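Written out below as C-alpha cells is the structure these notes cover.
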Amino acid sequence: APPAVIDYFLGHNNFYPLLVNQRVRAVLKKREYGAKYTQNNFITAVRAMNEFCLKSSDLEQLRKIRRRSPHDDTEAFTVFLRSDVEAKALDVWGSPEALVRERNLRKEVEREYQESRFLIVTYCKRTPFLQGPGKVVMVAICINGLNFIFKLLAWVYTGSASMFSEAIHSLADTCNQALLALGISQSVRNPDAGHPYGFSNMRYIASLISGVGIFMMGAGLSWYHGVMGLLHPQPIESLLWVRQNLFWFFSFLATLLVAINEIKKSAKQHGLTFYEYVMQSRDPSTNVVLLEDAAAVLGVTLAAGCMGLTSLTGNPLYDSLGSLGVGTLLGAVSAFLIYTNTEALLGRSIQPERVQKLTEFLENDPAVRAVHDVKATDLGLSKVRFKAEVDFDGRVVTRSYLEKQDIDQILNDIQQVKTPEDLENFMLKHGENIIDTLGAEVDRLEKELKQRNPEVRHVDLEIL
C-alpha cells in the first residue's frame with residue numbers, strides 16, 4: 001500500500017485491525033509443500049544401509065546431522081538427509097532396478113538366516129524354562145505320565161468306567177501340560193520385527209488350547225463312558241489294582257502342592273492374594289496345573305468312592321455316576337480356563353488403582369496440563385503397555401528450552417530482526433528447537449514412568 005494510505009489507516013484506530021490482518025496475510029503467505037519437500041526427511045545410518053543396501057563407508061562423505069535420540073541409552077545420534085542417501089544409492093548401484101534386485105536378494109538371505117537361528121535361540125532359552133512355571137509343568141508331566149500308565153492297566157484289569165475316565169483324565173493332563181511346556185518355551189523368545197511386543201501371549205494361547213483339550217478329551221470321553229455304563233452296566237471284576245495304586249492320590253497332591261507354592265510366591269511378589277492371582281490368570285501355565293491337579297485329587301476321591309459303593313452293593317450304577325461326576329468336574333475346569341485365557345488374549349485392562357497411579361504420576365509433572373484417553377493393557381507375564389494423550393503446558397516447555405540457551409544471544413538475534421524474512425528465519429530456528437524440547441519432555445516422562453513402574457514395558461504418550 002502507498003505510504004499515504006498507511007499513514008491514513010494508522011491515524012484511524014478503527015481501520016488498524018484491518019491493516020494488521022492484511023499485513024499478516026501478506027507476510028505469512030501459506031506455502032504449498034509438495035512431495036519434493038519430503039527430501040528434507042532424516043534417515044538413520046541403519047535404515048540407510050538396510051533399505052538402500054549401502055555400506056558404512058558409503059555414508060562417510062554424506063552430510064551428517066545430530067538429532068535427539070528416541071532411545072533411552074543415548075542422548076543424540078547422527079542422521080542423514082534422505083535425498084542424499086537416495087542419490088548415493090543410485091550412484092553405487094547404477095539404477096533403481098538394480099537397487100530393488102539387491103534388496104530382494106538380501107531379504108531372502110535374511111529369511112534363511114532367521115530360520116536357521118530359530119533352533120539355536122530355542123535351545124538357548126531352555127535354562128529359564130526350568131525355573132518357576134516351567135519347573136511346575138515338568139513335574140506335572142512326569143507324574144501324570146506315570147499315572148496314566150498305571151490307570152490304564154488298572155482299567156484293563158478291572159473294567160471300571162470310573163477308572164477309564166481317570167485314565168483318560170491323566171492322558172489329557174499329560175498332553176495338555178506338554179502343550180503348556182511348548183507355550184512357555186515360546187513365550188521367552190525375544191521380540192522381532194514381525195512381533196515387536198514379544199511372544200508372551202503364547203502362554204495364554206497354550207492354556208486356552210489346553211482348556212479346550214480338557215473339555216473334549218477329558219470331560220467328553222468321561223461323559224460318554226458314564227452314559228454307556230448306565231445304558232450297558234458291566235460289573236467290576238477286581239479292586240486289586242485300585243488298592244495297589246492308592247499313591248495316585250498322593251502323587252496328584254504332591255504336584256498340586258508344588259503349583260500352590262509357586263502361585264503363593266508369585267502372588268506375594270505382585271502384592272495380590274492367592275485368589276486374586278488365580279482369578280486374574282496372571283500365570284496361565286501354573287493355573288492350568290493347579291486346576292488340573294485339584295480336579296485330579298477330587299476325581300480320584302470321587303472315582304474311589306463310587307467304585308467302593310459298587311463293590312459293596314454290587315450295583316454298577318454308582319461307578320457310572322462317578323464317571324459322569326469326573327466329566328462334570330473336568331468340564332467346569334475347562335470352562336474356567338477358556339474364559340480366563342480368552343479375557344487375557346482380548347487385551348484386558350490392568351486394575352483401576354494401578355491405572356490411577358500411572359495417571360497421577362503424569363498429572364503431577366509441571367509440564368503436563370491434563371491427561372486424556374488413558375489405556376493400560378496387560379500384555380501377560382507382568383508386562384503392561386501404557387498409552388495416553390497428554391496436553392502439555394507450552395509455557396513450561398518453552399521455559400525449559402530457554403533455560404538451556406544463551407539469553408543474551410537470543411536478545412541480540414531479536415534486535416537484528418528488521419524484515420519479515422528475518423522474523424521468519426528467527427521463528428523457524430527457535431520453533432524447531434522448541435519442538436525438539438517437547439520431544440525430549442515426552443522421552444523424559446516415558447523413561448521416568450518405566451523406571452518407577454518396572455512392569456510398564458511399552459509407553460506411548462501422544463501429544464494432544
Side-chain angles (χ1 to χ4, degrees), residues 24 27-28 30-31 33 37-48 62-85 357-376 385-453 456-464:
V24 168
V27 174
L28 301 180
K30 184 177 180 180
R31 293 192 177 188
Y33 296 103
Y37 188 79
T38 59
Q39 294 179 352
N40 292 324
N41 290 355
F42 296 138
I43 186 172
T44 63
V46 174
R47 284 190 60 192
L62 301 183
R63 287 177 290 178
K64 300 178 180 64
I65 303 169
R66 296 288 289 175
R67 299 293 294 174
R68 178 180 54 84
S69 173
H71 307 292
D72 296 337
D73 54 349
T74 54
E75 295 184 358
F77 69 144
T78 301
V79 294
F80 304 88
L81 284 175
R82 186 183 185 91
S83 56
D84 292 348
V85 173
K357 177 184 175 182
L358 297 174
T359 304
E360 288 178 352
F361 168 77
L362 293 177
E363 290 177 335
N364 291 334
D365 192 276
V368 176
R369 280 178 171 168
V371 181
H372 306 281
D373 193 25
V374 177
K375 294 183 176 68
R385 179 184 179 184
F386 182 82
K387 176 263 177 187
E389 294 188 4
V390 181
D391 184 4
F392 283 90
D393 190 335
R395 297 168 299 179
V396 174
V397 175
T398 304
R399 289 192 184 100
S400 177
Y401 168 69
L402 291 176
E403 289 171 358
K404 303 173 183 177
Q405 305 301 314
D406 185 346
I407 299 300
D408 292 334
Q409 181 62 43
I410 294 179
L411 291 174
N412 182 62
D413 292 343
I414 292 175
Q415 294 174 359
Q416 301 300 320
V417 175
K418 303 297 183 183
T419 65
E421 289 75 14
D422 295 338
L423 176 61
E424 182 179 14
N425 292 332
F426 176 83
M427 294 300 298
L428 289 176
K429 172 186 174 182
H430 292 282
E432 184 175 9
N433 292 338
I434 291 176
I435 294 298
D436 287 341
T437 303
L438 177 59
E441 290 293 315
V442 173
D443 292 343
R444 176 183 63 81
L445 288 175
E446 291 179 348
K447 184 177 181 180
E448 292 180 1
L449 197 64
K450 292 178 181 179
Q451 289 177 342
R452 296 182 180 226
N453 304 274
V456 179
R457 302 294 180 88
H458 308 282
V459 181
D460 300 317
L461 298 182
E462 301 179 2
I463 301 173
L464 187 62

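Predicted model only: the values in this text are computed from it and were never measured.
Contacts of His458 classified as ring pair (Phe, Tyr, Trp, His ring centres under 6.0 Å), with partners at least two apart in sequence or in another chain: Tyr197. In this structure Phe426 satisfies the ring pair (Phe, Tyr, Trp, His ring centres under 6.0 Å) test together with His430, sequence neighbours excluded. For Gln409, the side chain to side chain donor-acceptor pair (under 3.5 Å) partners are Asp413, not counting sequence neighbours.
Under the side-chain contact (heavy atoms from CB on, under 4.5 Å) rule, Glu389 has a single partner from Leu461, Val374, Asp373, Asp460, which is Asp373.
Nearest heavy-atom pair, Val371 versus Ala388, reported as atom, atom and distance to 0.1 Å: CG1-CB, 3.8 Å. Annotation for Leu362 and Phe386: closest pair CD1-CE2, 3.7 Å, computed over non-hydrogen atoms. Taking each heavy atom of Leu464 and His372 in turn, the nearest pair found is CD2-CD2, 3.4 Å. The minimum heavy-atom distance linking Val85 with Ala48 is given by the pair CG1-CB, 3.8 Å. Minimum interatomic distance between Glu446 and Val459 (heavy atoms only, all atoms of both residues): OE2-O, 3.4 Å. For the residue pair Pro366 and Asp393, the shortest heavy atom distance occurs at O-CB, 4.2 Å.
Distance check, rounded to the nearest 0.5 Å: CD1 of Ile65 to CG of Leu81 gives 4.0 Å. How far OG of Ser400 is from CZ of Arg395: 14.5 Å, rounded to the nearest 0.5 Å.
For the pair Ile463/Phe392, a side-chain contact is recorded, criterion being any heavy-atom separation below 4.5 Å from C-beta on. Between Ile410 and Leu402 there is a side-chain heavy-atom pair separated by less than 4.5 Å. When side chains are defined from C-beta on, Val79 does not count as touching Ile43, because their heavy atoms never get closer than 4.5 Å. A 4.5 Å side-chain heavy-atom check between Lys450 and Arg457 finds every atom pair outside the cut-off. Thr78 places a side-chain heavy atom less than 4.5 Å from the side chain of Arg66. Side chains of Ile435 and Tyr401 form no contact here, defined as non-hydrogen atoms less than 4.5 Å apart. Within the 4.5 Å cutoff, side-chain heavy atoms of Val368 are placed close to those of Asp365. You'll find the side chain of Glu432 stays beyond 4.5 Å of the side chain of Met427, heavy atoms only.
Side chain of Asn425 to backbone of Glu421: a donor-acceptor contact under 3.5 angstrom is found. A donor-acceptor contact shorter than 3.5 Å links the side chain of Thr398 to the backbone of Gly394.
Within a 6.0 Å sphere centred on NZ of Lys64, heavy atoms belonging to other residues, nucleotides or ligands number more than 12.
Using a cutoff of 4.0 Å between basic side-chain nitrogens and carboxylate oxygens, Glu441 and Arg444 are scored as salt-bridged. Using a cutoff of 4.0 Å between basic side-chain nitrogens and carboxylate oxygens, Glu448 and Arg452 are not scored as salt-bridged.
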Derivation and outcome, side chain to side chain contact (heavy atoms under 4.5 Å, CB included), residues Asp422 and Gln416:
CA-CA 8 Å; Asp422 295 338; Gln416 301 300 320; over 6 Å; no

Residues Lys357, Asn453; criterion side chain to side chain contact (heavy atoms under 4.5 Å, CB included); working and verdict:
CA-CA 10 Å; Lys357 177 184 175 182; Asn453 304 274; 3.7 Å; yes

